[in-house]
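The chain is numbered in sequence order, starting from 1.
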Amino acid sequence: MNVATDVITELPKIELHVHLEGTFNPSRIRELAARAGEELPRPAEDMYVTTNLAEFLEALDWVCGLVRDTDTASEQAATFAHRLAAQGVVYAEVIINPTHWAGLDAPDLLAAVADGFERAHADGGADCRLLPSILRAQSAGDAIALVETVLKLDHPRIVGLSIDGNEEAEGPGSSRRFVEAYSLARDAGLGATAHAGESSGPEGVRDALDLLGVTRVDHGVRSADDPELLGRLATEEVTLNVCLSSNCHLVYGSIDEHPIRELIGAGVPVTINTDDPDTLRVTLSSELALAARHLGWGADELVESQRRAVRASFAPAERKAELLALLDDHVVARRDT
């Protein structure tokens, strides 16, 4: 089924799996490199032409390392929030991993980005919330320190804790190092999510559930390799925040090899996301269009996908109610035209 472009354009959209590190377009990279007096290691347009996750993360480190003051970090956040609003995204939970941003200390970085989102939303930008993220290669102490920083900041735009990085390289059971950090975050009322089941297999998803206590999983696509795990995800209503283009770039050869049909067929809640929009040259609208073509979704299924995202979000209850009402109003308006 080919859904008309205007159906997706007009749809109020929600995103739960997007990294601020992946929002630097080529012109922004050139601008920041010139400002920092750094020579590009390769053309900005080819910065993220990589063959594996390790190379990709190295490129992210280099680009984010160009941000060396809080004003620039805040500007990056605000600019992205306005870009999202222009694309019809009304709410987003944006992941940020301070280890990629070598030019700023974590407290200063997180405060600057949260304030940038606050300023942008007051000026018509998307409602962006923040998910500080642990790097898989970090120590237990580093992870606890990040959570303590988050709790000390106590910024209303920080709503959850994430973990990302190369899970495969850290080996099975790497989540055990982060049990205390996640427990501290959950006890403070923060939402809990984790990258798992991408570079790792189903065991990574199980560890995220059993050790970290997550209520949703970023990627999680390798769960399709384990029917028992799929049943558990469906029964416990654990949402997988899937990123089709990203998964096809790093894990699967094509959309036809992607297991999203198996995930949905097993009753697992799934949302559609961009992951790193500028590195992959995608938008949430283009990813939803890809999903609609592949899965045969029409307008009703697209709306329901956004309702799933709202339900899985870490937004306060009143904000969830507002977003669900916005989607209901959208359906009524669409039917009246």
Side-chain angles (χ1 to χ4, degrees), residues 1-20 22-25 28 76-95 116-131 157 159 218 239 241-246 260 269-316 318-337:
M1 176 182 294
N2 288 321
V3 178
T5 301
D6 61 350
V7 170
I8 294 176
T9 300
E10 295 168 5
L11 176 68
K13 292 174 281 290
I14 295 91
E15 176 150 32
L16 302 181
H17 184 172
V18 57
H19 298 258
L20 191 62
T23 66
F24 294 82
N25 60 34
R28 180 68 163 159
Q76 186 69 23
T79 298
F80 182 55
H82 283 294
R83 283 172 49 196
L84 288 179
Q87 298 164 13
V89 177
V90 295
Y91 179 90
E93 293 182 358
V94 184
I95 300 163
F117 284 152
E118 187 74 33
R119 186 175 71 253
H121 188 226
D123 191 34
D127 180 0
C128 290
R129 309 299 172 108
L130 195 57
L131 304 179
R157 293 216 164 261
V159 296
D218 292 320
T239 298
N241 294 326
V242 172
C243 308
L244 293 172
S245 291
S246 177
I260 189 169
V270 167
T271 66
I272 304 298
N273 308 270
T274 61
D275 202 359
D276 296 287
D278 281 283
T279 67
L280 296 164
R281 299 178 185 177
V282 299
T283 65
L284 186 53
S285 289
S286 71
E287 289 297 282
L288 287 168
L290 176 61
R293 289 193 302 270
H294 183 64
L295 299 168
W297 282 356
D300 290 343
E301 289 84 2
L302 285 163
V303 170
E304 186 55 36
S305 74
Q306 301 313 291
R307 290 195 179 108
R308 283 195 297 275
V310 173
R311 291 192 290 266
S313 76
F314 299 144
E318 61 272 19
R319 184 61 176 135
K320 286 188 178 185
E322 291 170 356
L323 292 168
L324 290 171
L326 182 64
L327 288 165
D328 289 343
D329 291 344
H330 168 75
V331 170
V332 171
R334 181 168 53 84
R335 288 175 179 167
D336 288 344
T337 58

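Considering only residues two or more places apart in sequence or on other chains, A120 meets the side chain to side chain contact (heavy atoms under 4.5 Å, CB included) condition with A78, A81, H82. Not counting sequence neighbours, the partners of T23 by the side chain to side chain donor-acceptor pair (under 3.5 Å) test are Q76. The side chain to side chain donor-acceptor pair (under 3.5 Å) search around D276 returns none, not counting sequence neighbours. For D6, there are no salt bridge (charged side-chain N to carboxylate O under 4.0 Å, His left out) partners at least two apart in sequence or on another chain. For F117, the ring pair (Phe, Tyr, Trp, His ring centres under 6.0 Å) criterion is met by no residue, not counting sequence neighbours. Scored by the side chain to side chain contact (heavy atoms under 4.5 Å, CB included) test, T79 finds E75, R83 as partners (sequence neighbours excluded). Applying the side chain to side chain donor-acceptor pair (under 3.5 Å) rule to T279 yields no partners; only residues at least two apart in sequence or on another chain are considered. Listed by chain and number, the residues in a side chain to side chain contact (heavy atoms under 4.5 Å, CB included) with D127 are Y91, H121, R129, R157, R319 (sequence neighbours excluded). Residues passing the side chain to side chain donor-acceptor pair (under 3.5 Å) test with T274, sequence neighbours excluded: E15. For E93, the salt bridge (charged side-chain N to carboxylate O under 4.0 Å, His left out) test picks out R216, with sequence neighbours left out.
Heavy-atom minimum distance, A126 versus V89: CB-O, 3.3 Å. Heavy atoms only, all atoms of each residue included: V7 and A299 are closest at CG1-CB, 3.9 Å. Nearest heavy atoms, S245 versus V282: OG-CG1, 3.9 Å. Residues V310 and S313 approach most closely at O-OG, 2.8 Å, considering heavy atoms. Contact record, I272 with L284: O-CD1, 3.3 Å, taken as the closest heavy-atom pair. Between A309 and L16, the shortest heavy-atom distance links the atoms O-CD1, 3.3 Å.
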Can you list the steps and then say if L302 with D300 is a side chain to side chain contact (heavy atoms under 4.5 Å, CB included)? CA-CA 5 Å; L302 285 163; D300 290 343; over 6 Å; no
Show the numbers, then the answer: is there a side chain to side chain contact (heavy atoms under 4.5 Å, CB included) between V90 and L326? CA-CA 10 Å; V90 295; L326 182 64; 3.9 Å; yes
Pair V18, D275 - check side chain to side chain contact (heavy atoms under 4.5 Å, CB included), show working. CA-CA 4 Å; V18 57; D275 202 359; over 6 Å; no
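For the side-chain hydrogen bond (donor to acceptor under 3.5 Å, both in side chains) condition, the pairs that include at least one residue of residues 323-333, sequence neighbours left out, are R307-D328.
Atom SG of C243 sits about 4.0 Å away from atom NE2 of H17, to the nearest 0.5 Å. Here the CG atom belonging to L11 is positioned 5.0 Å from the CD atom belonging to Q306, to the nearest 0.5 angstrom. L84 CG to C128 SG: the interatomic distance, rounded to the nearest 0.5 Å, is 5.0 Å. Here CG of D218 is found 6.5 Å from NE2 of H19. Values are rounded to the nearest 0.5 Å. The CG atom of L323 sits 13.5 Å away from atom NZ of K13, with the distance rounded to the nearest 0.5 Å. A distance of 12.5 Å separates CG in L290 from OG in S285, rounded to the nearest 0.5 Å.
Under 4.0 Å is where a charged nitrogen must lie from a carboxylate oxygen, and between E301 and R308 no such pair does.
A side-chain donor-acceptor contact under 3.5 Å links N273 and T271.
The side-chain heavy atoms of V270 and I260, taken from C-beta on, include a pair separated by under 4.5 Å. Annotation: side chain of T239 is in contact with side chain of N241 (closest heavy-atom distance under 4.5 Å). Contact of the S305 side chain with the L288 side chain is registered, since non-hydrogen atoms from C-beta on lie closer than 4.5 Å.
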